[in-house]
Amino acid sequence: MNRIEREQELVNSGLVDSIKLQYRNVAHNIPDKYFILIADYIDSIGQLDFEGGLYLDPVEVAKMLPQVLSSVNETNLGGIHGRTDGDRIEMNSSMDYESNKLYFFHELTHAIQTRKVDNHEECSFYNGKTGMFLTEGATQFTAEILYHVSNGTNIQYRQQPGTVRGHSEHTPYSPLSEYQLNGNILMLLSSSLGIPLNQLLALGYRKDGRQQLKEMYEVFPGNEGKFEEFMFDLEKIYSIDKLLIAGCTNQLQGGPQNIIMQDGQQFVGNLQIQGELINKVERELAANFIANNEPEYILANYNKISSYLTTPQLQQNFMNAVNEIARMQNSMGQEYQAPSGPRR
């Protein structure tokens, strides 16, 4: 179905008019183009199986709209695709229709998930201090899923070299058009904890989603009390990436710098430290998988973890551990062929 057919379908269904009707007594500045895209987003949610999708009721999401979105406008945002500020969305005016649709779905997800708590904004896994790394990955995954549902296409996982700024040695295996590493880590977290990706994404819409993720993470032996450190490490990676986007590459290539995060927290970092943090996060998630599963499960499912490790060294270290488990099982009289590595 092409754009014109899709838009006509949404208009003829009455969904666009019903969304406009909700705004009849609400001051707003939303062009018709974006009312159609909002209808597209809501309709795409409705096409997902509830439990196999995002656990969202499209009617309930639609009812929220006047409270979470009052304005959409297009402007020159430089290298930024879109921006959400409270109940206002700005989109980059230079994008083509398909890019605008995908990134509007991203920003609309932010708008729906953002809430005021004790005079600060929280969104998805972000609590005002840490969580933007996972939030951006989950938001982009959600947007891509709904975008492909709308277009009747399938998400394509692929190796994406050169998408981790400042770190050519890292190659995410990701279906995302942006935040590839964030999505890759989210998949690694999903496989490490044994929680389906759609359930992790669904947590982003819940007020207690971060708390639920914390409980899921810390329930495993050895993870007790470690969730906040995990989230802080991810936030350092995210903060340095934001500085790279802002053009601070030269400064970050030098010695460690004092970096101030969005909420005022400080840490010392540069490109080398960011790379070490990426390695640490991936290594610990892979170790969680091995520590918290039975040998038979590990040997049947190791490939999922290996696929989401982003350097050959990380993959090799993980495979060494898996091969040791296979060797131990064989010594106990159970026959296992030595794993050969990731199959992508």
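Scope of the values below: all heavy atoms of this structure, side chains included, with no hydrogens, waters or symmetry mates.
Between Y126 and F133, the ring center distance fails the sub-6.0 Å criterion. Between F35 and H28, the distance separating the two ring centers is shorter than 6.0 angstrom.
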Please test L15 against I19 for side chain to side chain contact (heavy atoms under 4.5 Å, CB included), starting from the C-alpha separation and ending with a verdict.
-> CA-CA 6 Å; L15 184 56; I19 290 171; 4.2 Å; yes
Let me see the working for E121 and R115 under side chain to side chain contact (heavy atoms under 4.5 Å, CB included), right down to the final yes or no.
-> CA-CA 6 Å; E121 281 192 350; R115 52 197 171 268; over 6 Å; no
Determine, step by step, whether L102 and E98 satisfy the side chain to side chain contact (heavy atoms under 4.5 Å, CB included) criterion, reporting the C-alpha distance in whole Å, the side-chain angles of both residues, the deciding distance to 0.1 Å, and the verdict.
-> CA-CA 6 Å; L102 173 61; E98 293 297 332; over 6 Å; no
Mind running side chain to side chain donor-acceptor pair (under 3.5 Å) on E136 and Q140 for me, showing each step along the way?
-> CA-CA 6 Å; E136 292 291 16; Q140 187 66 22; over 6 Å; no
Does the pair Y302 and Y297 meet the rule for a side chain to side chain contact (heavy atoms under 4.5 Å, CB included), with working shown?
-> CA-CA 8 Å; Y302 70 88; Y297 183 85; over 6 Å; no
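Pairing each heavy atom of P66 with each of V26, the nearest pair is CB-CG2, 4.1 Å. What you find for L54 and N198 is that their closest heavy atoms are CD2-O, 4.3 Å. When all heavy atoms are compared, the tightest approach of L314 to T311 is N-OG1, 3.0 Å. Of all non-hydrogen atoms in N119 and K116, the two that sit nearest each other are O-NZ, 4.2 Å. The two atoms that bring S174 and Q160 nearest to each other are O-NE2, 2.8 Å, heavy atoms only.
Scanning for salt bridge (charged side-chain N to carboxylate O under 4.0 Å, His left out) contacts around K236 gives an empty result, with sequence neighbours left out.
Here CD of E7 is found 10.5 Å from CG of D32. Values are rounded to the nearest 0.5 Å.
A salt bridge is absent between K226 and D233: the closest approach of a Lys/Arg side-chain nitrogen to an acidic carboxylate oxygen does not fall below 4.0 angstrom. With salt bridges taken as basic N to acidic carboxylate O contacts below 4.0 Å, one links R327 and E324. We find that E74 and K33 are joined by a salt bridge, their nearest charged nitrogen and carboxylate oxygen being less than 4.0 Å apart.
With hydrogens and angles left out, the side-chain atoms of D96 and S99 include a donor and acceptor closer than 3.5 Å.
Residue pairs satisfying the salt bridge (Lys or Arg N to Asp or Glu O under 4.0 Å) criterion with at least one member in residues 261-277, sequence neighbours excluded, are listed as follows: K129-D263.
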